[in-house]
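First the structure, in the form of C-alpha cells, and then the observations on it.
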Amino acid sequence: MERKVRVRFAPSPTGALHLGGVRTALFNYLFARHNGGDFLLRIEDTDQTRYVPGAEEYIIKSLEWCGLKIDEGVSVGGEYGPYRQSERKALYKQYALQLVESGNAYYSFDTPEELEACRKACETKGETFIYNAQSRKNLRNSLNMETGEVQKLLESGMPYVIRFKMPDHEELHLKDIIRGEVKFNTSLLDDKVLFKSDGMPTYHLANVVDDYLMKITHVIRGEEWLPSLPLHVLLYRSFGWENVMPEFAHLPLILKPVGNGKLSKRDGNKMGFPVFPMQFTDPETGEIWHGYKEDGYFPEAFINMLALLGWNDGTDQEIFSMEELCQAFSLERVHKAGSRFDPEKAKWFNHKYLITKSDSELAGILNEILQNHGIQAEQPKIERICGLMKERANFVTDIYNDSLFFFKAPESYNEKDTKKYWKEESVPLMQELYAILEKIDDYSFSNTEKIISEWITSRELGFGKVMNPFRVAIVGAAKGPHMFDIIEVIGKEETLRRLKKALETL
Ligand code: GLU
C-alpha cells in the first residue's frame with residue numbers, strides 16, 4: 001500500500017534558524033505539498049547543553065513569516081505528539097533496551113578518563129581512537145562481561161551509555177534520492193552512543209525512533225547528516241523496521257558568496273547581508289543578528305530566492321510563486337553540488353517582487369517608514385510616489401531614501417551636479433520658467449509638460465538646458481523621476497518656493 005507522504009522539519013533549538021535551515025524546511029514543505037502529504041515540525045531538544053531559550057519560538061515565527069504552514073507538530077499538535085523530544089523522553093529507553101536485547105547494542109561503562117586515556121594512547125601512535133569492533137574488545141562494556149556483572153554494575157548506579165554495535169566490515173550500498181547510490185564501509189564507523197545514563201537518548205536514537213513512530217516517509221535534511229545515514233539505516237534494520245524505512249534525501253550545502261566552504265553566520269556580518277530570516281538576539285551574548293524580514297525583504301522573494309539555491313525546474317524560469325513551487329518541485333531536480341549564495345541576487349528577487357506590488361500596498365509600508373521619521377503625508381501622494389519610484393528600488397527603504405525630496409525641500413544642493421548644470425545662463429532661463437509656472441494652475445503632468453515643452457521649442461532651447469537646472473533647484477541633485485511627475489506631486493506652491501529659493505541661493 002502506498003503510504004501517505006509525511007515529512008518533518010526537525011531543528012534543534014540551538015539558536016536562530018540559518019538560511020540553510022529555512023531552505024531545508026522549505027524543501028520539506030514543497031515536497032509535502034507537491035505530493036499531497038503532511039509537513040511536520042519536530043523539535044529535537046535532547047541535547048540540553050545546547051538548548052537556547054527563545055530558539056523554538058524563533059523557529060516557529062520564522063516558518064510563519066515564510067508562509068510554511070505546519071500541518072502537524074509543535075505549536076499545532078497532532079495525532080503523533082508530543083512533538084518536542086524532551087517531552088517524549090520516557091519512550092526512548094525501551095527502544096535502546098530492545099537493541100541491547102537483540103544484540104545490536106550494548107552497555108558501555110568506560111569512564112571519561114578511561115576513554116581519554118585511549119585517545120591519548122592512539123594519538124602517540126599517530127592514530128585516532130574509535131570505539132568500534134576492534135577496540136571494543138578491550139574496553140569496559142557489557143560485551144566483555146558476564147550478565148551478572150552487568151546487572152550488578154547497573155544496579156550499583158554505575159554511569160553507563162548504550163552504544164550501537166556497528167557491524168564489522170560490511171559494505172553498505174544506500175540510496176539517496178539526490179545522490180543516487182552512496183557506499184559506506186562500516187569498519188570506518190564507530191559505535192555511536194544511543195542512550196545516556198541521564199535518561200536521555202542521543203540525536204540518532206531519538207531521530208530514528210521518532211521518524212518511525214511519526215510515520216515519516218521521506219527524510220529531507222542537510223548534507224551534514226549524510227555521514228549518519230549508515231547508522232540510521234542500520235538502526236532501522238536492527239529494529240526490524242526496514243519495510244517502513246523512509247527514503248533519504250540530503251540537500252547540498254549553501255556556500256559562501258566568495259571563497260570556499262559553507263555559508264556561515266559570520267559571512268553575513270562580514271559582507272553585510274543577513275543569514276537569518278528574522279532578527280535574532282542571542283540571549284547569551286546579547287549579539288543582534290540581522291534578519292531578511294527587518295531588512296525589508298518580502299517573504300515571497302526570500303522563499304523564491306531560497307528555492308533556487310540548489311533547485312530549478314529545468315527551464316530558465318526564476319520567478320516562482322509558492323503555488324508554482326509546490327507544483328514544480330521535485331527532489332530529483334535538486335542539485336548534488338553546493339550552491340553559492342549570491343546576496344545581490346537576493347536583492348534582485350526582492351526587486352522583482354516589489355515591482356509587482358500594488359502602489360497602495362507599498363504605500364502602506366512606506367508610510368510606516370515616513371512616520372518613523374516624523375514625516376506626515378497623504379495616502380494618495382505616497383501611492384503616487386511608490387508608483388513613480390518602484391522601478392528603481394529593491395526595497396521600500398530605497399523608495400524612502402530616494403524620494404525624500406518629495407516631502408522636504410532640498411537643504412543643500414549637490415555640488416557636482418550644481419557645477420555641471422546650474423550655469424550662468426541658467427539663471428535667466430529659470431526666471432523665465434518661474435514666470436511661466438506661476439501662471440499655470442493645473443499642475444498635472446500632461447498640462448505642465450505641454451506648456452513647458454511648447455515654450456522650450458518656441459525658444460529653441462535644448463530640453464536639458466532647462467530641465468537640468470530645474471531639477472537641481474527642485475530636487476537638489478541630478479536624480480529622480482520625470483520633472484513633470486515631481487512637480488505634479490509637490491504642487492504649484494512648493495515648486496515655486498523651491499525654484500525661488502534656488503534662484504536666491506545658487
Ligand atoms: N536535529 C537535526 C538538526 O538540527 C535534524 C537532522 C535530521 O533532519 O535528521 O539538523
Side-chain angles (χ1 to χ4, degrees), residues 5-32 37-52 54-60 62-63 68 70 72-74 80 82-89 92 95 164 174-179 182 192-194 200-236 239 241 245-254 262-265 275-277 280 310 331 334:
V5 165
R6 285 170 62 80
V7 295
R8 82 311 190 263
F9 178 50
S12 301
T14 54
L17 190 58
H18 176 277
L19 271 189
V22 186
R23 191 199 51 178
T24 300
L26 172 64
F27 283 13
N28 272 284
Y29 175 84
L30 296 177
F31 184 78
D38 298 328
F39 172 59
L40 282 74
L41 174 65
R42 182 173 75 221
I43 296 292
E44 302 208 322
D45 56 350
T46 54
D47 189 351
Q48 299 289 327
T49 58
R50 295 184 60 218
Y51 181 82
V52 172
E56 182 184 310
E57 293 72 37
Y58 177 88
I59 292 167
I60 293 170
S62 298
L63 296 180
L68 306 181
I70 303 156
E72 198 180 307
V74 164
Y80 299 90
Y83 295 92
R84 206 176 275 119
Q85 285 183 331
S86 57
E87 290 168 20
R88 303 171 65 77
K89 189 176 159 189
Y92 299 111
Y95 290 100
F164 184 68
L174 307 179
K175 192 186 156 235
D176 179 276
I177 301 175
I178 296 165
R179 277 144 226 276
V182 233
K192 275 268 174 315
V193 173
L194 301 176
M200 272 301 208
T202 59
Y203 153 74
H204 301 289
L205 179 70
N207 185 270
V208 167
V209 165
D210 284 348
D211 283 347
Y212 167 73
L213 293 176
M214 294 178 185
K215 298 202 162 55
I216 297 304
T217 58
H218 296 78
V219 167
I220 305 166
R221 61 185 172 192
E223 187 178 275
E224 65 273 25
W225 299 105
L226 189 60
S228 301
L229 180 61
L231 172 63
H232 294 184
V233 170
L234 289 170
L235 282 170
Y236 277 94
F239 280 121
W241 298 337
M245 184 171 81
E247 290 187 54
F248 292 90
H250 291 88
L251 305 175
L253 291 178
I254 299 181
K262 186 172 153 179
L263 177 71
S264 76
K265 57 182 189 180
V275 291
F276 298 116
F280 183 74
L331 287 171
V334 174

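Whatever order the structure lists ligands and atoms in, that order sets their numbers, starting from 1. Just so we're clear, the structure is a prediction, and the values are computed from it rather than from any experiment.
Among all protein heavy atoms, the one lying closest to atom 8 (O) of ligand 1 is R8 NH1, 2.7 Å. Given atom 6 (C) of ligand 1, the protein heavy atom at minimum distance is Y203 OH, 3.3 Å. For atom 5 (C) of ligand 1, the nearest non-hydrogen atom of the protein is A10 O, 3.1 Å.
Shown in contact with E44 at under 4.0 Å from a heavy atom are these atoms of ligand 1, numbered in order with element: 1 (N), 2 (C), 5 (C). Close approach to N207 involves these atoms of ligand 1, each under 4.0 Å from a residue heavy atom: 7 (C), 9 (O).
Defined by atom type and a distance below 3.5 Å, a donor-acceptor pair is missing between the side-chain atoms of Y203 and E44. Defined by atom type and a distance below 3.5 Å, a donor-acceptor pair is missing between the side-chain atoms of D210 and Y83.
Contacts between W225 and ligand 1, counted as non-hydrogen atom pairs separated by less than 4.0 Å, involve the side chain only.
Ion pairing between a basic and an acidic side chain is recognised when a charged N comes within 4.0 Å of a carboxylate O; D211 and R8 show such pairing. A salt bridge is absent between D38 and K215: the closest approach of a Lys/Arg side-chain nitrogen to an acidic carboxylate oxygen does not fall below 4.0 angstrom.
Between F276 and F280, the ring-plane angle classifies as tilted under the 30° and 60° cut-offs.
Residue V219 places every heavy atom at 4.0 Å or more from ligand 1.
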Could you go through Q85 and V209, starting from their C-alpha distance and side-chain angles, then the distance that decides it, and tell me whether this counts as side chain to side chain contact (heavy atoms under 4.5 Å, CB included)?
CA-CA 11 Å; Q85 285 183 331; V209 165; over 6 Å; no
